[in-house]
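These notes are about the structure you will find just below.
Throughout, numbering of the chain's residues begins at 1 and tracks the sequence. Here the structure is a predicted model, which means the values were calculated and not measured.
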Amino acid sequence: MNKYIKIVIAALLIIAGLYLMIFTRSLGWGIVVFLLAALPIFLFFKNEYILLAFWQLRKQNMDKAVVYLSNIKDYQGQLHKSQYGYFHYLQGLTLAQEHPTKVEPLMRKALEYGLNMKHDRAMATLNLAAAAISKGRKQEGQKLLEEAKRLDSAGMMTDQIKMMKDQLKMPTMQKHVHNPHMRQRGKF
């Protein structure tokens, strides 16, 4: 549903509440309708599909979270600007297991649009660090890990950060491992 339709519904409910309170003298029903008008206003700023996807992620049910996120066809038309970052963040989290290469651009977009919670920014930065390390960009990975550590004030991701720092310390395998028997090929 388009975000502006929710505002129209809220406005109609407010008008109906005023009508009930003023013209029909039904003060109780007018207050009930006013309270019902708060729901579309709340859903204007916090999209229902984003909330349901977060709920499914808390329950570790990635499949249902993907289904809820797929209901958002045009994120700019359906979401408030403050939710753009969370849409990309949730897409990145749901794709992290099956398609790790698609996570990096989504997390970059999420950080670009902005995430309100510090631990969400830390998680997105940690995912970017993992992508950088896996692609061999150690310096960028190190910087991103330091930023993730700074953002993780609650200490929820200390184990993952420590594991990635240990991964950085490991020597990398050479991309072109030479076969020692290949040198003798010209002698025969």
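- Of all heavy-atom pairs spanning Glu98 and Thr94, the tightest one is OE1-O, 4.0 Å.
- Within 6.0 Å of atom CD in Gln139, 12 or fewer heavy atoms from other residues, nucleotides or ligands are found, so the atom counts as exposed in its surroundings.
- To the nearest 0.5 Å, the span separating CZ on Arg121 from NZ on Lys118 amounts to 7.0 Å.
- Phe42 and Phe87 end up in different hydrophobic clusters when Ile, Leu, Val, Met, Phe, Trp and Tyr side chains are linked at under 4.5 Å.
- Among residues two or more places apart in sequence or in another chain, the salt bridge (charged side-chain N to carboxylate O under 4.0 Å, His left out) test is passed with Lys165 by Glu146.
- Closest non-hydrogen pair, Gly17 versus Val33, comes out as N-CG1, 3.6 Å.
- From Glu147, atom CD reaches atom CG of Asp152 across 12.5 Å, with rounding to the nearest 0.5 Å.
- The shortest distance between side-chain heavy atoms of Asp63 and Val66 does not fall below 4.5 Å.
- Looking at Glu112 and Tyr84, their side chains never come closer than 4.5 Å, going by heavy atoms from C-beta outward.
- Inter-residue side-chain proximity for Lys138 and Ile133 is flagged as unmet; no heavy-atom pair is nearer than 4.5 Å.
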For this session: Show your reasoning for whether side-chain contact (heavy atoms from CB on, under 4.5 Å) applies to Ile161 and Thr158.
Result: CA-CA 5 Å; Ile161 292 172; Thr158 51; 5.7 Å; no
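- No side-chain heavy atom of Leu79 sits less than 4.5 Å from a side-chain heavy atom of Tyr86.
- Each of Val8 and Tyr19 belongs to its own hydrophobic cluster when Ile, Leu, Val, Met, Phe, Trp and Tyr are linked at side-chain heavy-atom distances under 4.5 angstrom.
- In terms of heavy atoms, Ile14 sits closest to Ala37 at CG1-CB, 3.7 Å.
- Between atom CD1 of residue Ile15 and atom CG of residue Leu20 there is a gap of 12.0 Å, rounded to the nearest 0.5 Å.
- Contact of the Asp166 side chain with the Lys162 side chain is registered, since non-hydrogen atoms from C-beta on lie closer than 4.5 Å.
- Taken from CZ in Arg108 to CG in Asn127, the straight-line distance is 11.5 Å, to the nearest 0.5 Å.
- The pair Glu104-Lys135 meets the salt-bridge criterion, with a side-chain N (NZ, NE, NH1 or NH2) lying under 4.0 Å from an Asp/Glu carboxylate O.
- Hydrophobic clustering (side-chain heavy atoms under 4.5 Å, transitive across Ile, Leu, Val, Met, Phe, Trp, Tyr) groups Met117 together with Leu144.
- To the nearest 0.5 angstrom, Thr125 atom OG1 is 5.0 Å from Leu111 atom CG.
- With sequence neighbours excluded, no residue forms a side chain to side chain donor-acceptor pair (under 3.5 Å) with Arg150.
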Problem set entry | Candidate pair Met107 and Leu93, rule side-chain contact (heavy atoms from CB on, under 4.5 Å), full reasoning | CA-CA 9 Å; Met107 290 300 172; Leu93 288 179; 4.0 Å; yes
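- Surrounding NZ of Lys3 are more than 12 heavy atoms belonging to other residues, nucleotides or ligands, all under 6.0 Å away.
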For this session: Just do the side-chain contact (heavy atoms from CB on, under 4.5 Å) check on Leu13 and Phe34 with the steps written out, would you?
Result: CA-CA 7 Å; Leu13 285 173; Phe34 262 9; over 6 Å; no
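- Note that CD1 of Ile72 is 8.0 Å distant from CD of Gln91, once rounded to the nearest 0.5 Å.
- In this structure, Ile31 and Met21 have side chains that are in contact, with non-hydrogen atoms separated by less than 4.5 Å.
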Report all side-chain donor-acceptor pairs from residues 43-59 shorter than 3.5 Å, counting only partners two or more places apart or in another chain.
| from | atom 1 | to | atom 2 | distance (Å) |
| --- | --- | --- | --- | --- |
| Asn47 | OD1 | Tyr49 | N | 2.8 |
| Asn47 | ND2 | Gln78 | O | 3.4 |
| Glu48 | OE1 | Lys6 | NZ | 2.9 |
| Gln56 | OE1 | Asn61 | ND2 | 3.4 |

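- There is no path of hydrophobic side-chain contacts, each under 4.5 Å, that joins Val32 to Leu12.
- Here the side chains of Met123 and Tyr89 are in contact, with some heavy-atom distance below 4.5 Å.
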Problem set entry | Worked verdict on Phe23 versus Leu18 for side-chain contact (heavy atoms from CB on, under 4.5 Å) | CA-CA 8 Å; Phe23 295 111; Leu18 286 173; over 6 Å; no
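- Not a single donor-acceptor pair under 3.5 Å links the side chain of His99 to the backbone N or O of Thr101.
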